[in-house]
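Each ligand, and each atom within it, is numbered from 1 in the order the structure gives. What you see is a predicted model; the values in this text were computed from it and never measured. Only heavy atoms go into these numbers, but all of them, side chains included; no hydrogens, no water, no symmetry mates.
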Amino acid sequence: MVYLNGNFLEKDKAFVSVMDRGFLFGDSVYEVLPVYQGNAFCIKPHLERLSESLEAIKIPNPHTHEQWRVILQQLIDHHPQHADQSIYLQVTRGCDANRKHTYGKLKPTVYIQSSPFEAARKEDFLSGLSAITRDDIRWSQCNTKATSLLANIMYAQEAKQNNVEDVILCRDNVITECSSANLFIVKNGCVYTHPKGPHILPGITREVVLECADYCGISTEEVPISKEELFDADEVWISSSTREVLPITKIDNTLINQGQVGEIWPLVFDRYQAEKNLNC
Ligand code: PDD
């Protein structure tokens, strides 16, 4: 079952008009949020970020937070066979009579789907993952979670073709994030990640990871990371709602920490698992 504009229906019965600006222009924003044991994780910050994305591109928010919570829970409850789910939620500016760049007052289109979700298992990542670096050619409003993701999908496809987990993006010698994840390094026991701003998506998982590190007594700093610092790191991690927090031990064929997962990632990973049972 999926949700489309007020109705729950089978996915193959859900259709959107060719005049929808989400289809014609990628004029829409989205959220991805994990569900653990039937409860949406970090629903409040996800709904707040959705509001901010909508506000940034001037789409009126079609629902209050309380209404969103009800719709999401109804969709989750339509899939009782899957305790853990991944929710994809999209709001487009809506349909117009003709294709034109400008828009008038339109009714936003709301589409939400749920997929079964299998969370990362620690034992699968003890050897670490690989990544490659590329120049960050994206626009300067990466903090808006827009569905216009051409650059991101090109990077993701390149990662797939290179058999690596993701592409690490570098803008003016500063590491921003990955094609669909935030990035952290650990150096001398301190966790570093790019500060919030127009060059990264403010990941909800990123916040949880920082809280987890803090809980474990590990200091954190939100500062720009240079490419040299990336390669010289003791540990490199990536984070997202669908990948949680994963270790990277090889970048562009260079080993990080001699190819070994460091000591801090397992602590933060374990704390993240504990946080999943708390409601944020
Ligand atoms: N992507 N940075 C980018 C560019 C992303 O696309 C994502 C998530 C993140 C991590 O954000 P969060 O922790 O809130 O998931 C960072 C989602 C999962 C996606 O596009 O499917």
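Looking at ligand 1, you won't find any N or O of R206 less than 3.5 Å from one of its N or O atoms. Among the atoms of R138, none of the N or O lies under 3.5 angstrom from an N or O of ligand 1. Of the polar atoms of E177, at least one N or O is found under 3.5 Å from an N or O of ligand 1, judged by distance alone. Among the atoms of I204, some N or O lies under 3.5 angstrom from an N or O of ligand 1.
Below 4.0 Å from some heavy atom of C178 lie the following atoms of ligand 1, by number and element: 4 (C). Remark: ligand 1 atoms within the under-4.0 Å shell around heavy atoms of V32 are 19 (C), 21 (O). For ligand 1, the atoms sitting less than 4.0 Å from at least one non-hydrogen atom of S241 are 12 (P), 13 (O), 14 (O), 15 (O), numbered in the order shown with element in parentheses. Atom numbering of ligand 1 starts at 1 in the shown order; those under 4.0 Å from a heavy atom of G203 are 11 (O), 12 (P), 13 (O), 14 (O).
Atom CZ of F23 has 12 or fewer heavy atoms from other residues, nucleotides or ligands within 6.0 Å. In this structure, E123 places its CD atom where more than 12 heavy-atom neighbours from other residues, nucleotides or ligands lie under 6.0 Å away. Counted within 6.0 Å of CD on Q67, heavy atoms from surrounding residues, nucleotides or ligands total more than 12; the atom is thus considered enclosed.
Distance from atom 1 (N) of ligand 1 to its nearest protein heavy atom, with residue and atom name: K145 NZ, 3.4 Å. Among protein heavy atoms, atom 20 (O) of ligand 1 sits closest to Y30 OH, 2.6 Å. Protein heavy atom closest to atom 4 (C) of ligand 1, with residue, atom name and distance, is S179 O, 3.5 Å. With hydrogens left out, the protein atom closest to atom 10 (C) of ligand 1 is N182 OD1, 3.6 Å, a heavy atom. Ranking the protein heavy atoms by distance from atom 18 (C) of ligand 1 puts T242 OG1, 3.9 Å first. Protein heavy atom at the shortest distance from atom 6 (O) of ligand 1 is S180 CA, 3.4 Å.
If you look at Y88 next to ligand 1, there are no close heavy atoms at all, none under 4.0 Å. When heavy-atom distances to ligand 1 are checked against a 4.0 Å cut-off, T205 comes that close through both its backbone and its side chain. At a heavy-atom distance under 4.0 Å, no atom of C142 approaches ligand 1.
When atom types are taken as modelled, the side chain of T249 and the backbone of S127 share a donor-acceptor pair closer than 3.5 angstrom. In this structure, the side chain of Q258 does not engage the main chain of L255 through any donor-acceptor pair within 3.5 Å. For the pair R134 (side chain) and E158 (backbone), a donor-acceptor distance under 3.5 Å is absent. No donor-acceptor pair under 3.5 Å is formed between the side chain of Q113 and the backbone N or O of I87. In this structure, the side chain of T205 does not engage the main chain of E244 through any donor-acceptor pair within 3.5 Å.
By the 30° and 60° cut-offs, the orientation of the rings of Y3 relative to H63 is perpendicular. Between F184 and W237, the ring planes are tilted. Angles from 30° to 60° get that label. Using the six-membered ring where Trp is involved, Y30 and Y88 have ring planes that are tilted, between 30° and 60° apart.
At least one heavy atom of R49 lies less than 4.0 angstrom from ligand 1.
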